[in-house]
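Chain letters run A, B, ... following the sequence lines, proteins first and then strands; every chain starts at 1.
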Amino acid sequence: GEDVEQSLFLSVREGDSSVINCTYTDSSSTYLYWYKQEPGAGLQLLTYIFSNMDMKQDQRLTVLLNKKDKHLSLRIADTQTGDSAIYFCAEDLGNTGKLIFGQGTTLQVKP
Amino acid sequence: NAGVTQTPKFRVLKTGQSMTLLCAQDMNHEYMYWYRQDPGMGLRLIHYSVGEGTTAKGEVPDGYNVSRLKKQNFLLGLESAAPSQTSVYFCASSYEGSGNQPQHFGDGTRLSIL
């Protein structure tokens, strides 16, 4: 079945770049998403990319998509302590509205 | 500017008790979803609805029922709570099912079953 995999933990220093990686299995996915979850809160959509794109940039965020390898990454430039959170990668299953989420990557930003 | 509102925020139940979680959205969205979040497992879809009066099973539907009598509300019921249903429950909504209409999430309901 469909599966999305992420590494569980990443630690960086404030000011460095963070790169969070994700692999997925469903080659028919149309969109891939990055969500952010802060402690005690729901998921906040950060950005998403259409499957026919290989890169999308939005201020400090850069999303790279390698469709051949089914690999998605999120780069956060100049990481700040406020970026500490859990980041979820998700893929859609066509036009069903259903999403498959990865396990989430906890980003720790050290001052 | 409420978005997606979940009630209650916290609840403790005893095994065998029943309860209903309420999700309300004010964005006129057609699609609504219920997920559960467990440590190390991301979010898993329980049930979803593609419009008023419709419901469908997701990845982990057993032990739960849902109803969508009004477009703005999506209810999740536990008829006989079990400790395995201890989790954080999230509701989400989207305008439609296409990918360029992303899901918007509530802040979650933390449910403990003793």
| query | Is there side-chain contact between A:Phe50 and A:Leu32, with heavy atoms separated by less than 4.5 Å? | reply | no
| note | Per-residue tally against chain B (heavy atom, under 4.5 Å) across A:Gly102, A:Gly104, A:Ala41 peaks at A:Ala41
| message | Taking the basic N atoms (NZ, or NE/NH1/NH2) and the acidic carboxylate oxygens, is any pair closer than 4.0 Å for A:Asp58 and A:Lys56? | response | no
| request: Would you please classify the geometry between the B:Phe105 ring and the B:Phe90 ring as parallel, tilted or perpendicular, with 30° and 60° separating the classes? | output: perpendicular
Sort [X] into side chain, backbone, both or neither according to what part of it lies under 4.5 angstrom from a heavy atom of chain A.
X        : answer
B:Arg44  : neither
B:Leu45  : side chain
B:Gln103 : both

Examine whether an atom of [X] lies under 4.5 Å from a heavy atom of chain B, and if so say whether it belongs to the side chain, the backbone or both; otherwise answer neither.
X       : result
A:Leu43 : both
A:Tyr35 : side chain
A:Gln6  : neither

| In Å, rounded to the nearest 0.5 Å, how long is the span from OG of B:Ser49 to CG of B:Leu69? | 10.0 Å
| field | Straight-line distance of A:Gln103 CD to A:Asp3 CG, nearest 0.5 Å | value | 7.0 Å
| said: Testing B:Glu30, B:Glu52, B:Gln25 one by one against B:Lys71 for a side-chain hydrogen bond (donor to acceptor under 3.5 Å, both in side chains), which residue passes? | reply: B:Glu30
